[in-house]
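Input: a single structure, listed below in structure tokens.
As the structure is a computational prediction, the values presented were derived from the model and not from experiment. Each chain gets a letter, A, B and so on, in the order the sequences are listed, and its residues count up from 1.
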Number of protein chains: 2
Amino acid sequence: MLVTSAAGVPGSPPAGRAKLADVAALAGVSVGTASKALSGAGRMRPETRQRVLDAVEALGFRPNQHAQSLHTGRSWTVGLMTTDGIGRFSTPVLLGAEDALGAGKISVLLCDTRGDAIREQHHLRNLMDRRVDGIIVTGRRTDPRPPLTGITGLESVPVVYALSPSTDAADTSVVTDDRGGAQLAVEHLLSTGRTRVAHVTGPEHHAAARDRARHAVGHLCAAGLSPSTGRVHFGEWSEAWGRRAADAVLRTAPDTDAFFCGNDQIARGVTDALRERGVSVPEDIAVIGYDNWDTMALASRPPLTTIDMNLAEIGRVAALQLLRAIDDADATPGVHTVPCRLVVREST
Amino acid sequence: MLVTSAAGVPGSPPAGRAKLADVAALAGVSVGTASKALSGAGRMRPETRQRVLDAVEALGFRPNQHAQSLHTGRSWTVGLMTTDGIGRFSTPVLLGAEDALGAGKISVLLCDTRGDAIREQHHLRNLMDRRVDGIIVTGRRTDPRPPLTGITGLESVPVVYALSPSTDAADTSVVTDDRGGAQLAVEHLLSTGRTRVAHVTGPEHHAAARDRARHAVGHLCAAGLSPSTGRVHFGEWSEAWGRRAADAVLRTAPDTDAFFCGNDQIARGVTDALRERGVSVPEDIAVIGYDNWDTMALASRPPLTTIDMNLAEIGRVAALQLLRAIDDADATPGVHTVPCRLVVREST
DNA sequence: AGAATGTGAGCAACCGTTTTCCTGAGCCGA
DNA sequence: TCGGCTCAGGAAAACGGTTGCTCACATTCT
């Protein structure tokens with residue numbers, strides 16, 4: 001007897017995926033009862049529940065999420081918008097978020113805007129159409145960004161900004177602690193006896209460079225010191241800049257005994273320049289980087305002491321904040337800061 | 001008059017998001033007609049259609065995807081499983097895929113297994129529950145991997161393997177052309193007059209290292225040559241190995257005039273070692289890398305000529321294959337190869 | 001013994017769209 | 001003027017679950 005539909009003939013296996021009706025039929029109960037048996041809601045004889053559970057097992061039944069979402073209005077999905085590619089910075093954030101969300105039954109919809117406003121609107125509309133439960137926005141820079149906007153209905157979906165905070169203080173943002181990071185770096189250098197510290201970092205129009213520089217100088221001042229060259233060296237986030245800057249610093253302040261660099265690339269450039277000048281690291285001059293970008297920090301000679309921003313933790317905290325906003329609707333708006341971590345290697 | 005529901009009182013704005021019923025009511029047609037007006041199906045007076053369209057506009061209506069998916073069985077979603085973190089290799093693949101898919105109305109569900117089989121099963125089940133239209137699996141290595149399995153119903157969902165092919169030849173896989181890449185590198189070196197080529201690469205248990213080495217040697221042979229040291233130098237994918245290997249090679253075969261390296265890290269290590277020995281690149285010895293990992297290739301002194309695997313293209317082709325498999329069900333199983341690209345910089 | 005209470009399970013409405021019929025009106029030719 | 005067309009638009013049945021309500025029956029209390 002060939003039966004292609006799941007219709008009423010008892011004993012005929014339902015074609016395709018089993019639906020709740022099939023389970024109910026096999027267990028000899030109604031669809032509603034089967035549903036209750038699965039959800040745990042409603043009271044029923046344990047034996048009945050077990051029959052349903054057995055039927056589920058036998059048929060390999062899995063509920064259709066679209067049906068559930070349609071009814072409950074929840075999609076168990078969050079959008080993850082990366083505004084600037086998926087690079088070295090957003091990847092750990094993204095993984096941290098995915099980790100925290102995936103632990104529940106929430107999945108992540110990936111949207112990459114490539115920094116394009118049109119694309120952002122497109123993705124945003126898409127996410128709203130899919131009725132996502134929330135959105136995480138992450139960029140690769142720590143500079144604040146304007147909040148999501150332009151799509152009707154957005155106000156009803158919680159949004160958390162990770163790494164790049166929203167310019168609107170009423171939004172929820174999770175950012176790295178540049179102040180603490182600078183403090184860790186400076187205090188580490190001071191604790192190893194250095195007093196003539198130079199600071200070489202990226203372009204001044206990057207908030208990360210400005211903030212770290214400001215706090216580095218602040219912490220030096222607090223210890224009664226100042227940058228060995230009397231100023232901060234802004235430039236690029238590159239090795240080449242690190243090499244050039246190292247030469248410039250040593251020309252200006254030959255007694256410099258430590259470099260605090262704005263990222264690991266600069267730090268690597270500095271160590272290379274020092275080595276080529278015959279200066280030994282860390283005996284003569286200590287070098288500390290920032291980012292703990294392993295391929296840079298470990299390949300450097302010697303391997304770099306550096307500051308780790310705990311990017312995955314930022315992603316995780318952002319996800320947790322989002323979950324709170326979704327579930328309890330009592331999220332704590334404002335800026336949340338994730339502390340950095342000092343990773344000591346051989347360059348200090 | 002307070003009305004909280006969208007119920008029948010004409011003139012009362014529907015609460016929350018507009019549904020098709022609201023549109024229909026505003027346009028003075030039935031729900032079914034409104035649906036037809038939007039989908040373009042069915043015949044109707046242009047003026048009626050326009051009334052519906054106006055109502056859609058006025059209400060900012062957007063269809064509920066869950067309802068659509070429930071009915072049509074399509075979720076307009078594909079799963080993207082990365083098996084080993086989201087690293088340097090899977091990221092471009094992922095972006096390429098997202099790009100190709102997002103152009104349509106398909107969104108990407110991100111799943112990271114961290115190389116854990118349990119997690120893979122978990123995500124797989126999740127994707128099936130969400131009734132994804134297809135799955136792309138990508139790893140960070142080019143070694144073949146076992147096909148997805150273990151979840152009932154999987155056979156009805158098209159799967160494409162990107163970067164890491166499936167061990168099952170009946171599956172659809174999109175991989176890089178290691179043979180062509182090796183050929184590009186060797187021919188480039190030969191075309192610039194080099195004849196004593198050394199090959200330094202990663203661990204022999206990596207397919208990428210083995211394949212590139214085999215084909216490199218093959219192409220040298222085809223030109224009547226052989227590796228300058230008489231063998232391939234397997235090691236690690238690191239700069240430190242590149243430096244050590246460079247020394248070893250020059251000790252064995254001082255007349256070596258070119259290095260073909262298995263990746264850019266090794267190539268960078270080689271150039272560093274050469275520079276420190278006072279050997280000038282490319283005048284005395286040419287160096288070519290592999291991967292076109294910009295932070296390595298560009299930071300190297302001199303910047304590296306290298307082979308670009310066109311990873312984004314691999315992702316794009318995988319997505320396209322998946323779309324074909326989804327739509328036409330006439331995908332072409334087997335292994336698809338994406339050609340590499342020679343990027344000439346100053347090290348050759 | 002009859003009523004009050006409790007409990008297990010089914011019925012049916014509902015979530016928001018799509019799609020398949022089906023009706024009724026208008027138009028044509030005979 | 002009437003039968004058969006075409007065509008616009010409506011009614012309703014899916015899609016696959018969830019859930020409030022109802023009902024029948026069993027138990028216990030007065």
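Atom CZ in R49(B) sits roughly 13 Å away from atom C1' in dC7(D) (whole-Å rounding). In this structure, CG of L59(B) is placed 16 Å from C1' of dT17(C), rounded to the nearest angstrom. Here the C1' atom of nucleotide dG16(C) and the CG atom of D22(B) are 11 Å apart, to the nearest Å. Atoms CZ (R130(A)) and C1' (dC15(C)) sit 19 Å apart, rounded to a whole Å. Going from atom CZ of R51(B) over to atom C1' of dG9(D) covers 11 Å, rounded to whole Å. Separating the CZ atom of R45(B) from the C1' atom of dG10(D) is a distance of 14 Å, rounded to the nearest angstrom.
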Nucleotide-resolved protein contact map, nucleotides 12-19 of chain D, B/S/- at heavy-atom distance under 4.0 Å: --BBBBBB
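T149(B) and Q121(B) make their closest contact through O-NE2, 3.0 Å (heavy atoms, listed as atom of the first residue, atom of the second, distance). Q321(B) and V174(B) get closest at one heavy-atom pair: CG-CG2, 4.4 Å.
Two residues are said to be in side-chain contact when any heavy atoms from C-beta on lie closer than 4.5 Å; I326(A) and L322(A) meet this criterion. In this structure, the side chains of R17(A) and R131(B) come closer than 4.5 Å at one or more pairs of heavy atoms.
E98(B) places no side-chain N or O within donor-acceptor distance of the main-chain N or O of G96(B), the cut-off being under 3.5 Å. Here the side chain of S69(B) pairs a donor or acceptor atom with the backbone of R74(B) at under 3.5 angstrom. Between the side chain of S173(A) and the backbone N or O of S166(A), at least one donor-acceptor pair lies under 3.5 Å.
T48(B) comes within contact range of the sugar-phosphate backbone alone, with a heavy-atom separation under 4.0 Å but no base atom that close.
For the helix from dA1(C)-dT30(D) to dA30(C)-dT1(D), the angle separating the two terminal helix axes comes to 60°, with each axis derived from five pairs and the value rounded to 10°.
With no hydrogens or angles considered, a side-chain donor-acceptor pair links T77(B) and R130(A) at under 3.5 Å.
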